[in-house]
Student: 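One structure coming up, written as C-alpha cells, with questions to follow.
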Amino acid sequence: MKKYIILFPLITLLFFTSCNDEIEDLEPFSQGNPSTFFNSVRTFQLGVDGAMQQARLYYENPNSGLQGIPDILSDNVILVRSGRLSNRILFEYEYNPNTAGPIPFYFNKAYNAINAANTVIGQIDNLPDGEDKDDILGQALAIRGFAHFDLVRTYAQIPTQSPNANASDGIVYMKVEDGDTEDNLAKPERESVASNYTEIIGDLETAASLIGEGNIEGRFNKNAVYGLLSRVHLYNGEYQKAIDAADKVTVALATEEELPTVYTDVTNAGIVFEFAINSSTETTSNNVGVLYSQSNRNGVRSEYAIDFEFFNSIPDTDPRKDVMQFVGTWEETDYNAIKKFLGEEGENNGRVDIKVIRAAEVILNKAEAQFELNQTSEALATLDQLRAVRNGGAGVGGETGTALEDAIQFNRRIELAFEGHRFFDIKRRGESIQRSNNGDVIDGTGTPPVELTLQAGDFRFQFPIPIAERNVNPNFGQNDGY
C-alpha cells in the first residue's frame, strides 16, 4: 500500500485555544518540534483533541456545516424565500470548483484533521506500551478514518452507487511512515474508491481493537468506532460486516419520552458519538441551528423549512413528527420550521450538540443490511426494535418484500432527518432526488424549488474538487462534469 507524507501544512497548537494554560511550559509544536512536544499522555491527548477539533469545524459551521448541507441538497427541505437565501447555490445544484463555502471548507478541514492525526501517529512510540498508548493511537486512527470517509463520500462516488463506482477516482489517502512528520511537498494522484474504503476500514478496525471504552463526550470510543464501521460497511456493500459491527454497539435506543430531550441537550439518550458544542461544555460561539433558522423578537426567520409533502407523509401518531417540526412565523407567514437544531432547553439559540451517530442509525444500518442479504424476517424484527420505541413508527407492520424495504428507508428518512444523512442515503442507493412541487409556506403554497430533480448518475452527486487544491496539485484530477 503506497503511503503519502503530509500534503498540506502541519497543524500547529494554535487550535488548542482551550488548553493554552496547560502547554505554556512546553516547547511549541508550531516551531516544528513534534517529537519534543509529544512526551506524555496529556500532550498526546491534546494532539488528538486538536485533530478532532478540525473535524468538528466542518460539521459545526453555522452556515455550511455537514450536519445540515446533505438535507439541503436533498428532498427533506425547501428554501424559504423570506430567509437570507443562504446556500441557495447548493440547493439549486449550481455549484462548481470555484464555489465558496462547503466546497473548499470540507476539503481543507478534513485534511487538516488527517494531518493532525498523522502527526500524533508519527510520534506514538514516544509513549511506553500499554493501555494509554493503545487508546491514543486508536483515537488518532479513528479520526483519520472518519475524515477520509467524509471526504470520499462527498467528493467521489460511493461503492454501492453504481456498477463502476469502486474503480472510479476516490481521494488521496494521507498516511505517514512511523515517526515521519516532514512535509515533502508531494503531489499525489487520486486513488480508487475501492482503495479508499479498504484503507478507511483498515484504520477503523485497528482503532476498534485499541481504543478505550470510556472516553468522554466528543472523543471516539469503542462504541463510536463500531457505530461508524456499521455505516462504512453499509456504504461499501459489505452487509454482513455492517451487521456484525452494529451488534457490537451497546448504546440503547432513546425512548419515545427521551427523544425530545436529546435535541435540547437535556440528555444524551441513544447517542453513540457527537460533537459537544452546547453552552455547558463549550465556549464556542458557533450556533449550528443558524443553518436552518434564526430566532429573534420578531419571530423565527427560517432559512429552510420542512418539505410539505414529506412532513405530511409522516403519521401524526409518530413522535418524531413533533420532534422535527414547530410552526415558525415570520412577517405574519407560517412555515414548517425545523426544531432539531432550535436550541437548548428554554433557549432558541441554535446551539446544540451535533449528533453524528445515534443508536437509531445503527439499528437502521443493520435492518437495511439484513434486507440486502435477503434476511427479511430478521430485517423486520430489527426495524420493529426501533418502531417499538416510536409508537409504531411509520408503516403498517409485518411488511415483506418491497414494502419492507420501503418501510426501512422511510423510517430512516424520518429518524435521521436534518442530521446530515439524506443526500448520502439517496446517493449510495443510486437513486434520484425528486422534490415535491409544493411551495415553502406551511400549507404548501409559496415558491416551489427551482430544481425539482437530480437524476441518478448526475455528476453533481459528487462535489467538485476545489480550484485552490487543483492549483496546488494538478495531479489531483477534477471530477467529471466540472
Side-chain angles (χ1 to χ4, degrees), residues 1-6 34 38 41 44-45 47-52 54-55 110-111 113-153 159 170-181 191-216 218-238 240-251 272-273 356-357 362 365:
M1 182 181 299
K2 189 173 183 179
K3 296 187 177 182
Y4 297 114
I5 302 175
I6 297 172
F38 290 113
V41 173
F44 269 97
Q45 188 62 64
V48 170
D49 290 346
M52 184 64 82
Q54 294 300 302
Y111 273 118
I114 291 161
N115 288 340
N118 276 336
T119 303
V120 170
I121 294 166
Q123 299 299 323
I124 195 65
D125 284 338
N126 288 0
L127 286 177
D129 292 343
E131 291 183 1
D132 288 335
K133 178 179 180 179
D134 288 348
D135 182 48
I136 292 291
L137 180 56
Q139 289 183 64
L141 288 169
I143 295 167
R144 189 168 77 179
F146 175 71
H148 278 112
F149 175 64
D150 281 339
L151 282 166
V152 71
R153 68 177 176 151
I171 54 158
V172 174
Y173 206 92
M174 300 303 301
K175 287 188 175 183
V176 291
E177 299 290 348
D178 291 343
D180 193 348
T181 58
E191 303 167 46
S192 70
V193 167
S195 175
N196 287 160
Y197 273 80
T198 296
E199 291 170 307
I200 290 165
I201 291 166
D203 274 351
L204 294 178
E205 288 181 339
T206 302
S209 71
L210 296 171
I211 204 164
E213 296 186 6
N215 289 332
I216 64 173
R219 292 175 181 167
F220 273 104
N221 59 23
K222 209 170 282 288
N223 271 323
V225 176
Y226 280 123
L228 181 57
L229 273 168
S230 78
R231 183 192 297 181
V232 174
H233 283 309
L234 184 68
Y235 276 53
N236 202 32
E238 296 177 301
Q240 187 57 55
K241 290 183 177 180
I243 295 166
D244 294 342
D247 284 340
K248 293 177 181 177
V249 177
T250 61
V251 178
V272 178
F273 176 68
V356 181
I357 305 172
V362 176
N365 292 344

Student: Does the Asn118 side chain pair with the main chain of Met174, one donor and one acceptor, at a distance under 3.5 Å?
Tutor: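 Yes, because the side chain of Asn118 sits within donor-acceptor range (under 3.5 Å) of the backbone of Met174.
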Student: How many angstroms lie between atom CZ of Phe44 and atom CG of Asp49, to the nearest 0.5 angstrom?
Tutor: 13.5 Å
Student: Students often mix this up, so state it plainly: with edges at 30° and 60°, are the rings of Phe273 and Phe220 parallel, tilted or perpendicular?
Tutor: parallel
Student: Nearest 0.5 angstrom please: Tyr197 OH to Arg153 CZ, how far?
Tutor: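 One finds 8.0 Å between OH of Tyr197 and CZ of Arg153.
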Student: If every non-hydrogen atom of Gly145 is compared with every non-hydrogen atom of Asp203, which pair is closest and at what distance?
Tutor: N-OD2, 4.1 Å
Student: Side-chain contact test, heavy atoms from C-beta onward, threshold under 4.5 Å: evaluate it for Gln45 versus Gln139 and give yes or no.
Tutor: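 With C-beta onward as the side chain, the pair touches.
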Student: Between Lys222 and Ala208, is there a donor-acceptor pair closer than 3.5 Å when you use the side chain of the first and the backbone of the second?
Tutor: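 Pair found, side chain donor or acceptor close to backbone of Ala208.
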Student: For Gly212 and Asp135, which heavy atoms make the closest approach, and how far apart are they?
Tutor: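 Taking every non-hydrogen atom into account, N-OD1, 2.8 Å.
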Student: Would you say Val272 and Tyr226 make side-chain contact, with heavy atoms under 4.5 Å?
Tutor: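 Val272 vs Tyr226: side chains apart.
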Student: So if I apply the side chain to side chain contact (heavy atoms under 4.5 Å, CB included) rule between Pro159 and each of Asn196, Val232, Val193, which one comes out positive?
Tutor: Val193
Student: In Å, rounded to the nearest 0.5 Å, how long is the span from CG of Leu229 to CG of Asp244?
Tutor: 10.5 Å
Student: Work out which heavy atom in Ile357 is nearest to a heavy atom in Ala224; give both atom names and the distance.
Tutor: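 Looking at all heavy atoms of both residues, the shortest contact is CD1-O, 3.8 Å.
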Student: Is it true that a side-chain atom of Asn223 and a backbone atom of Thr250 form a donor plus acceptor pair closer than 3.5 Å?
Tutor: yes
Student: Under the 3.5 angstrom rule, does the side chain of Glu199 hit a backbone N or O of Tyr173 as a donor-acceptor pair?
Tutor: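 No: the side chain of Glu199 does not pair with the backbone of Tyr173.
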Student: Please report the interatomic distance CD1(Ile136) to CG(Leu210), rounded to the nearest 0.5 Å.
Tutor: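 Ile136 atom CD1 to Leu210 atom CG measures 11.5 Å (nearest 0.5 Å).
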Student: Is the shortest heavy-atom distance from the side chain of Val41 to the side chain of Lys133 under 4.5 Å?
Tutor: no
Student: Please give me the minimum heavy-atom distance between Ala245 and Ser230, naming the atom from each residue.
Tutor: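 Result for this residue pair: CB-N, 3.7 Å.
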Student: Ignoring hydrogens, what is the shortest heavy-atom contact between Phe149 and Leu228? Give both atom names and the distance.
Tutor: CD2-CD1, 4.3 Å
Student: Taking the side chain as C-beta and beyond, is there a heavy-atom pair between Arg219 and Val48 under 4.5 Å?
Tutor: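 A side-chain contact is absent here, since even the closest heavy-atom pair is not under 4.5 Å.
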Student: Hey, is the main chain of Ile201 close enough, under 3.5 Å, to the side chain of His233 for a donor-acceptor pair?
Tutor: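 Side chain of His233 to backbone of Ile201, a donor-acceptor pair under 3.5 Å: no, none is there.
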Student: What is the distance from atom CG of Asp132 to atom CG of Leu127, rounded to the nearest 0.5 Å?
Tutor: 7.5 Å
Student: Looking at every non-hydrogen atom in both residues, tell me the closest pair between Ala142 and Ala207 and how far apart they are.
Tutor: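 Smallest interatomic distance, heavy atoms only, reads N-CB, 3.8 Å.
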Student: Let me confirm one number: the CZ-CD1 distance from Arg144 to Ile200, rounded to the nearest 0.5 Å.
Tutor: 11.0 Å
